[in-house]
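Heads up: numbering here begins at 1 and tracks the sequence.
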Amino acid sequence: MHPFLIRLRADVEARRAAGLGRELLAVSERRGAHAVVEGQALLDFSSNDFLGLGQDRAMAEHLAGLCRNQGCGSGSSRLVTGTSASALAAEKALAAHFGYESCLILGSGFLANLTLLATLFSDKDTLALDKRAHASTMAGVRHSRAAFHTFRHNRLSHLEKILRAQPVQAVLTESLFSMDGDSPDFEVLRRLKEEFGFLCVVDEAHAFGVLGDGGRGLARDAADVAVGTLGKAFGLFGAFVLCPEAVRDHLVHFGQGFIYTTALPPWHGDMVAAMLERVAPAHEARAHLKELGDAARKILGDLLPVRGAAHILALEAGDEARSVRLAAALRRRGVLVFAARYPTVPLGQAILRVNLTSLHTRRHVETLRDALAATQREES
């Protein structure tokens, strides 16, 4: 074997030896709140399909018709002939719905954060970001070559100390953190923005569609720019940046992740519009998720410490090896839960991440509780 390949293999083996190995689960089918893995239907608490739209049969039939009429692929980048009229209309609809001046759709949430931050900022800028910001945010910051400071997770008092010590062009955070399930105090953040004049960039990927008035997220009063995804509550794929027109123009002219890639399929804009029409009035689903989250914290809290104030719960498992054992034991009992470990979460602070969707019921949460209780008895 080539020495370089030996080095790569050694890196992976070291990860596995530390209890940090990764695997790809082959999901053959989704049935409501269940996912079929290796022929077994597992109660699925790992999906980001928060409103169940990814499995909506009417939406699937609508997509099939659009694909038959418009074809499978766009054939070029957005700046050539890949911008469909429906994509522009969808961008306007998203901007209007969420209350921003402008919008730009990109291929994925990771690409959106990477492109946005690497394009807007340079080595002339200084940024401040939450210590637990998503990997895509960190990648964008590093690619921009801007100087940066991290503040302790959701500790805006620490952010204020940074702001008083030196000029900061932008503050980057999230409205609902994907692993901790918690949020910063946006009223405090808004006041800090008024005092210090920074640009506020908020990733609302896990909040849009679910949290806030009409599912419009939590950060509008503070955010100048927001990033949303179409692969979670919208049940589709792709992402979008909500921003002032000047930011959109800058991304169109200089954003490499937008310019140098094939556009999304020609029907994508039509599907975004159709999904938005389903997300906007989904008040009952959002209310159900809130009630279910409140109940789940009580139901599961006697077994493991629970963090998270919304539809994402973090069950504190402790070390990496234990989180893997618990997740594997739950799978044997018919429940699929993601064991989040370093580097997704801090080393030694592994969690079982429980994602609630509108397809779940209280009985489903009780099934998780019973499976976890049995696993803990087996463990002891």
Quiz item: So, does Arg286 use its side chain to make a donor-acceptor pair with the main chain of Gly209 at under 3.5 Å?
Solution: yes
Quiz item: Parallel, tilted or perpendicular: which describes the rings of Phe254 and His250, with under 30° parallel and over 60° perpendicular?
Solution: tilted
Quiz item: Does the Gln169 side chain pair with the main chain of Leu127, one donor and one acceptor, at a distance under 3.5 Å?
Solution: no
Quiz item: Do Arg220's NZ or CZ and the ring of Tyr100 fall within the cation-pi criteria of under 6.0 Å and 45°?
Solution: yes
Quiz item: So which heavy atom on Ser175 is nearest to which on Glu204, and how close?
Solution: OG-OE1, 2.7 Å
Quiz item: Backbone N or O of Ile351 within a donor-acceptor pair of the Ser323 side chain at under 3.5 Å?
Solution: no
Quiz item: Would Arg30 and Asp49 count as a salt bridge (Lys or Arg N to Asp or Glu O under 4.0 Å) if you check the C-alpha gap in whole Å, the side-chain angles of each, and the deciding distance to 0.1 Å?
Solution: CA-CA 11 Å; Arg30 296 191 185 277; Asp49 185 17; over 6 Å; no
Self-check item: Check: Ser358 side chain, Leu51 main-chain N or O, donor-acceptor pair, under 3.5 Å
Solution: yes
Exercise. State plainly whether the residues Asp294 and Lys298 are in salt-bridge range, i.e. N to O under 4.0 Å.
Key: no
Quiz item: Does one hydrophobic cluster hold both Phe338 and Val354, with members joined at side-chain heavy-atom distances below 4.5 Å?
Solution: no
Exercise. Given side-chain contact (heavy atoms from CB on, under 4.5 Å), test Val365 with Leu356 step by step and report yes or no.
Key: CA-CA 9 Å; Val365 177; Leu356 302 173; 4.2 Å; yes
Exercise. For residues Gly214 and His97, report the shortest heavy-atom separation together with the two atoms involved.
Key: O-NE2, 3.9 Å
Quiz item: Hey, is Arg190 close enough to Glu194 for a salt bridge, meaning N to O under 4.0 Å?
Solution: yes
Quiz prompt | Between Phe45 and His364, ring centroids under 6.0 Å | solution = no
Quiz prompt | Spatial distance of atom CD (Glu187) from atom CG (Leu156) [nearest 0.5 Å] | solution = 11.0 Å
Exercise. Mind listing the closest non-hydrogen atom pair of Gly71 and Pro266 along with its distance?
Key: O-CG, 4.1 Å
Quiz prompt | Exercise: identify the closest heavy-atom pair between Arg331 and Leu42 | solution = O-CD2, 3.6 Å
Exercise. Decide, yes or no, whether a salt bridge links Lys193 with Asp224 under the criterion of side-chain N to carboxylate O below 4.0 Å.
Key: yes
Quiz item: Just wondering, are more than 12 heavy atoms of other shown residues or ligands nearer than 6.0 Å to OH in Tyr342?
Solution: no
Self-check item: Arg333 to Ala371 - nearest heavy-atom pair and separation
Solution: CD-O, 3.6 Å
Quiz item: Closest approach of Ala35 and Leu336, non-hydrogen atoms and distance?
Solution: CB-CD2, 4.5 Å
Quiz item: Roughly how far apart are Phe196 CZ and Leu159 CG, rounded to 0.5 Å?
Solution: 8.0 Å
Practice problem: Applying side-chain contact (heavy atoms from CB on, under 4.5 Å), run through Leu236 and Met59 and close with a yes or a no. | Solution: CA-CA 10 Å; Leu236 193 58; Met59 289 292 97; over 6 Å; no
Quiz prompt | Residue among Glu91, His253, Glu101 satisfying side-chain hydrogen bond (donor to acceptor under 3.5 Å, both in side chains) with Arg248 | solution = Glu91
Exercise. For residues 279-316, pull every pair meeting ring-ring contact (aromatic ring centres under 6.0 Å, His included), keeping only residues two or more places apart or in separate chains.
Key: Phe50-His311
Quiz item: Between atom CD1 of Ile259 and atom OG1 of Thr119, what is the distance when rounded to the nearest 0.5 Å?
Solution: 7.5 Å
Self-check item: Gly19 backbone acceptor or donor facing Arg341 side chain under 3.5 Å
Solution: yes
Quiz item: Would you call Glu378 and Arg325 a salt bridge, using N to O less than 4.0 angstrom?
Solution: no
Practice problem: If the plane angle is over 60° it's perpendicular, under 30° parallel, otherwise tilted; pick one for Phe240 and Phe208. | Solution: parallel
Quiz item: Ile312, Leu372: one ILVMFWY side-chain cluster at the under-4.5 Å cut-off?
Solution: yes
Quiz item: Does His134 offer a backbone N or O that forms a donor-acceptor pair with the side chain of Glu174 under 3.5 Å?
Solution: yes
Quiz item: Does one hydrophobic cluster hold both Leu129 and Val247, with members joined at side-chain heavy-atom distances below 4.5 Å?
Solution: yes
Quiz item: Any donor-acceptor pair under 3.5 Å linking the side chain of Arg353 with the backbone of Met179?
Solution: no
Quiz item: Do the side chain of Asp130 and the main chain of Thr173 share a donor and acceptor less than 3.5 angstrom apart?
Solution: no
Quiz item: Is a donor on one side and an acceptor on the other found under 3.5 Å between the side chain of His360 and the backbone of Thr357?
Solution: yes
Quiz prompt | Gly308 backbone acceptor or donor facing Arg297 side chain under 3.5 Å | solution = yes
Exercise. Kindly check if the number of other-residue, nucleotide or ligand heavy atoms within 6.0 Å of CZ (Arg22) is above 12?
Key: yes
Practice problem: Would you check, one step at a time, whether the test salt bridge (Lys or Arg N to Asp or Glu O under 4.0 Å) holds for Arg362 with Glu291? | Solution: CA-CA 9 Å; Arg362 183 186 178 95; Glu291 292 174 3; over 6 Å; no
